[in-house]
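Below: the structure, in structure tokens.
We number each residue from 1, following the sequence as shown.
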Amino acid sequence: MAILKIDPSTGVITVKSTLDRETQAQFSLTVVAKDSGTPSLSASTVVMVMIDDVNDNAPVFSPQIFYGSIREDASPGSTVLKVEAKDKDEGTNGQLQFDLQGKGRYNFSIDSRGFIHTATPLDYEKTGSYILTVTAMDGGSPPGTASAQVNITIINVDDNVPVFETSSQASKIREDVAVGTRVVRLNATDADGNELMFDILSGNTGGAFEIHNSSGLIRVAAKLDREKIATYHLAVRATDRGGHSVTHNATILVIDVNDNAPMFTQPSYSKDIMENLPSGQLIATVSALDKDKVITLVSATR
């Protein structure tokens with residue numbers, strides 16, 4: 001279908017139907033002029049018609065949702081991803097500028113090519129992901145705009161040391177408990193979400209205790225004897241998979257039970273006394289010891 005027409009008498013070229021520069025930006029017309037003589041003579045010329053652009057197309061994003069990821073230890077200025085938008089108009093009307101909106105937008109920047117960069121240090125433990133809106137605006141008047149969603153995932157790196165959340169209060173256990181008896185569970189956490197491994201570094205004389213390497217539960221591992229060791233000071237370490245570790249001092253008090261009989265300091269006592277001693281006169285002192293923490297009473301029988 002013809003888009004342009006020419007008046008055969010005046011030579012005026014006019015538009016016959018709607019123009020669309022994005023469909024056809026120029027036309028090359030061959031115009032022929034004929035006289036009325038006999039024979040008829042003619043001449044021809046080429047007329048080039050250039051269609052000027054108007055801002056009749058808004059930018060278009062493809063796709064409508066963009067995804068990117070970046071490590072939390074990336075330095076400011078690191079590239080996260082590139083968004084794509086096109087505008088069919090030309091010149092200023094087709095030149096795009098981008099802008100980011102949404103919570104956390106100040107942590108990122110976007111350039112005129114659509115590249116999104118980090119603008120600040122990131123911290124996975126504070127914010128693990130961002131959902132932003134990117135807007136493209138062309139240079140027309142009035143400008144055309146379009147929007148799309150940007151999902152940015154922050155990749156966790158092991159940058160935190162584990163922390164013990166256990167009280168420093170001493171734990172108590174009777175000396176007569178069976179091997180395997182639970183003593184205390186030590187709680188530790190890692191802000192990176194890593195699993196922790198526990199082990200006893202020192203203070204576990206005679207291997208009296210053991211700790212479960214993943215739960216931090218301390219149990220009795222050997223027969224206890226308060227009369228030999230009444231207090232244990234265990235240095236317990238929690239280590240994450242990145243090698244970061246922290247140490248906690250766990251004090252365990254062994255509680256006495258009455259498992260020892262008293263013993264006199266000598267097998268027998270002998271003392272000569274006068275028959276006329278007054279009542280209450282000191283005759284002799286006998287001594288007895290008990291390894292347990294109990295009061296020993298000494299009595300005499302006749």
Side-chain angles (χ1 to χ4, degrees), residues 1-70 74-119 130-153:
M1 181 179 68
I3 296 177
L4 303 176
K5 65 180 181 178
I6 188 169
D7 188 299
S9 299
T10 64
V12 175
I13 299 173
T14 58
V15 175
K16 186 179 180 181
S17 61
T18 302
L19 298 175
D20 186 359
R21 188 204 64 80
E22 286 72 43
T23 301
Q24 187 170 351
Q26 64 180 25
F27 296 87
S28 177
L29 306 177
T30 299
V31 179
V32 179
K34 293 182 180 181
D35 61 23
S36 301
T38 302
S40 176
L41 299 176
S42 65
S44 63
T45 188
V46 176
V47 177
M48 297 296 298
V49 179
M50 312 298 292
I51 309 301
D52 291 335
D53 183 54
V54 294
N55 192 33
D56 58 348
N57 290 279
V60 176
F61 279 102
S62 180
Q64 284 296 302
I65 302 179
F66 295 88
Y67 297 91
S69 60
I70 189 75
S75 60
S78 299
T79 300
V80 183
L81 75 153
K82 184 179 187 294
V83 299
E84 297 281 353
K86 295 182 180 180
D87 192 310
K88 292 182 179 180
D89 297 315
E90 70 173 0
T92 302
N93 292 332
Q95 293 178 355
L96 301 179
Q97 294 293 323
F98 296 95
D99 182 55
L100 290 173
Q101 294 296 323
K103 186 177 181 180
R105 67 186 182 275
Y106 297 115
N107 294 298
F108 303 93
S109 64
I110 187 169
D111 62 25
S112 59
R113 298 174 297 167
F115 284 99
I116 295 177
H117 308 275
T118 58
Y130 296 85
I131 299 178
L132 305 176
T133 298
V134 58
T135 300
M137 183 174 64
D138 63 30
S141 181
T145 62
S147 297
Q149 182 175 303
V150 177
N151 293 353
I152 300 175
T153 300

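The backbone N or O of A33 lies less than 3.5 Å from no partner atom in the side chain of S42, so there is not a single donor-acceptor pair. Proximity of a side-chain donor or acceptor of D138 to a complementary backbone N or O of G144 within less than 3.5 Å is detected.
T118 places a side-chain heavy atom less than 4.5 Å from the side chain of V80. In this structure, the side chains of T145 and M137 come closer than 4.5 Å at one or more pairs of heavy atoms. Counting only heavy atoms from C-beta outward, the side chains of F61 and V134 approach each other to under 4.5 Å.
Atom-to-atom distance recorded for T133:OG1 and Q149:CD is 6.5 Å, nearest 0.5 angstrom. Here CZ of F115 is found 12.5 Å from OG of S109. Values are rounded to the nearest 0.5 Å. Note that CG of D111 and CD of Q97 are 9.5 Å apart. Values are rounded to the nearest 0.5 Å. Remark: N93 CG to K88 NZ distance equals 15.0 Å, nearest 0.5 Å. For the atom pair D87 CG and T92 OG1, the distance stands at 11.5 Å (nearest 0.5 Å).
F98 and I110 make their closest contact through CB-CD1, 3.5 Å (heavy atoms, listed as atom of the first residue, atom of the second, distance). Closest non-hydrogen pair, P59 versus A136, comes out as CG-O, 3.8 Å. Closest non-hydrogen pair, S147 versus Q64, comes out as O-OE1, 3.3 Å.
Legend: residues meeting side chain to side chain donor-acceptor pair (under 3.5 Å) with E84, ordered by chain and number and at least two apart, are K82. Residues passing the salt bridge (Lys or Arg N to Asp or Glu O under 4.0 Å) test with D99, sequence neighbours excluded: none.
When L132, I70, L81 are each tested for a side-chain contact (heavy atoms from CB on, under 4.5 Å) with I116, only one passes: L81.
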